[in-house]
Amino acid sequence: MFAAERRQLILEMVRANGAVSLRELARVVQTSEVTVRRDVRALEAEGLLDRRHGGAVLPGGFTRESGFPQKSHLATAEKTAIADLAASLVEEGEAIVVGAGTTTQELARRLARVPGLTVVTNSLLVAQALAHANRVEVVMTGGTLRGSNYALVGSGAEQSLQGLRVSRAFLSGSGLTAERGLSTSNMLSASVDRALVQAAAEVVVLADHTKLGTDTMFQTVPTDVITRLVTDEPPGHDDRAGTELQALADQGVQIAVAGPAVPGGEATPGRPPRRDMPLPGQRRSHGPGTGPQLRSAASMGEPQGPGERARVADLRRR
């Protein structure tokens, strides 16, 4: 494929999806990420798209939201690894809320094996993934169906969450920055996500590295409300993602980094699907009661199941 053909295809993908990772672009145009990165730079110089670490987005700074068909094919390996690690945080008999998104859908598929679990969700995809889990109770919010992501939104969804209290909320979004926290491109989705957060004692954000540093229109979760981020390990050349992780950790967010997904999409018992990824610099310390800290899974008292649960790879400072 000639350079002009590659760049036209790249441009069409970004226009159709709103945001596309370099890995996905390289796979579709059947070339290396180095070549794709060069093409993206050239298209950015012409004002046709904007570069983001690990990908490309529509020009203008605020990406529009992609529909489910497009999202479901983006960063699939990363989402699988993140879901494996996030599922290891959930205990038997726990009550949680799970927001809408393709990453949370992957999480739900793994939660089907957790006995005694109660899951409150506004996502039809999450509910469908748990529909045949005999030992999991699923509670759906009310609301109006938003077809682009199969989520229930609006005042009905928000009112059904009033008075609810659960241990954790698992949320995804369109972008995550240390400055604004988690954000999304749709006002109705953002409003429901904020209601989900209000119902939870802890907030866990699931975001692959392509969303780090991306800022979209509507803030859903401020950084100081996020308890933990579960993400994948950014490529070695992705300095911006590493810088954003450093900034998030400096504000007290616990960072858990998932390693490559195990083939077949499931975590192997006794083999945690992650790698430790220490960040440079000295972390700001927090005294008791002043904010969350980066800790190992053992110090957090994570439960150990048969073959040992996947441990959380919390980033540490040197």
Side-chain angles (χ1 to χ4, degrees), residues 53 78-79 82-83 85-90 94 96-101 103-104 107 120-123 161 164-185 189-234 240-258 274 277 279 281 283-287 289-297 299-300 302 312-317:
H53 52 271
E78 292 86 346
K79 292 174 183 176
I82 290 169
L85 184 52
S88 72
L89 304 175
V90 181
E94 194 171 357
I96 63 174
V97 294
V98 180
T103 309
T104 51
L107 170 63
V120 181
T121 185
N122 70 317
S123 169
L161 292 166
L164 180 70
R165 192 62 174 170
V166 299
S167 57
R168 307 172 206 254
F170 290 86
L171 298 176
S172 187
S174 302
L176 177 65
T177 66
E179 182 179 0
R180 290 186 72 220
L182 189 67
S183 62
T184 186
S185 302
S189 296
S191 187
V192 175
D193 281 353
R194 285 193 288 267
L196 292 171
V197 168
Q198 290 295 320
E202 295 184 1
V203 178
V204 181
V205 171
L206 312 182
D208 65 77
H209 74 272
T210 64
K211 297 178 180 179
L212 297 177
T214 298
D215 196 7
T216 51
M217 290 183 68
F218 301 98
Q219 183 192 57
T220 56
V221 190
T223 305
D224 60 0
V225 176
I226 299 173
T227 307
R228 182 176 303 166
L229 165 65
V230 183
T231 187
D232 63 296
E233 185 171 350
R240 293 181 62 183
T243 300
E244 202 67 47
L245 286 174
Q246 176 76 69
L248 287 163
D250 285 343
Q251 295 196 38
V253 178
Q254 299 170 18
I255 312 292
V257 180
R274 57 87 180 132
M277 193 187 76
L279 293 176
R283 188 187 185 284
R284 184 184 64 193
S285 61
H286 288 281
T290 60
Q293 302 184 31
L294 298 175
R295 298 170 290 178
S296 66
S299 68
M300 289 187 289
E302 297 290 352
V312 178
D314 286 327
L315 302 182
R316 296 175 177 275
R317 299 295 180 272

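Just so you know, these numbers come straight off a predicted model, no measurement behind them. Side chains are part of it too, since the values below use all heavy atoms of this structure and drop only hydrogens, waters and symmetry mates.
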Applying side chain to side chain donor-acceptor pair (under 3.5 Å) to Glu94 and not counting sequence neighbours gives Ser167, Arg168
task: Examine the side chains of Ser172 and Lys211 and answer whether a donor and an acceptor come within less than 3.5 Å of each other.
output: yes
So CG of Asn122 and OG of Ser189: to nearest 0.5 Å the spacing works out to 8.0 Å
Residues passing the side chain to side chain donor-acceptor pair (under 3.5 Å) test with Thr220, sequence neighbours excluded, are none
Sorted by chain and number, sequence neighbours left out, side chain to side chain donor-acceptor pair (under 3.5 Å) with Ser183 holds for Thr216
Interatomic distance, OG1@Thr184 vs CD@Gln219, rounded to 0.5 Å, equals 12.0 Å
Output for pair (Leu196 CG, Thr121 OG1), nearest 0.5 Å, gives 7.5 Å
- Item | pair Val225-Leu182: side-chain heavy atoms closer than 4.5 Å | no
Which of Val205, Leu206, Ile82 passes side-chain contact (heavy atoms from CB on, under 4.5 Å) with Leu229? Answer is Val205
Would a 4.5 Å heavy-atom cut-off, applied to side chains only, mark Arg228 and Leu89 as touching? yes
Sequence neighbours excluded, the answer for side chain to side chain donor-acceptor pair (under 3.5 Å) partners of Thr223 is none
Notebook entry, point to check: Within the side chain of Thr177, is there an N or O that forms a donor-acceptor pair under 3.5 Å with the backbone of Asp215?
Noted result: no
Residues 189-199 vs salt bridge (Lys or Arg N to Asp or Glu O under 4.0 Å), sequence neighbours excluded, gives none
Heavy-atom closest pair (Ala100 atom, Ser123 atom, distance to 0.1 Å) is CA-CB, 3.7 Å
d(Gln246 CD, Gln251 CD) to nearest 0.5 Å is 11.5 Å
dist His209:NE2 -> Thr231:OG1 (nearest 0.5 Å) comes out at 8.0 Å
Interatomic distance, CG@Leu107 vs CG@Leu85, rounded to 0.5 Å, equals 10.5 Å
Donor-acceptor pair, distance only, cut-off 3.5 Å: does the side chain of Thr227 make one with the backbone of Val203?
yes
Exactly one candidate in Thr214, Val253, Leu248 meets side-chain contact (heavy atoms from CB on, under 4.5 Å) with Leu176; the answer is Leu248
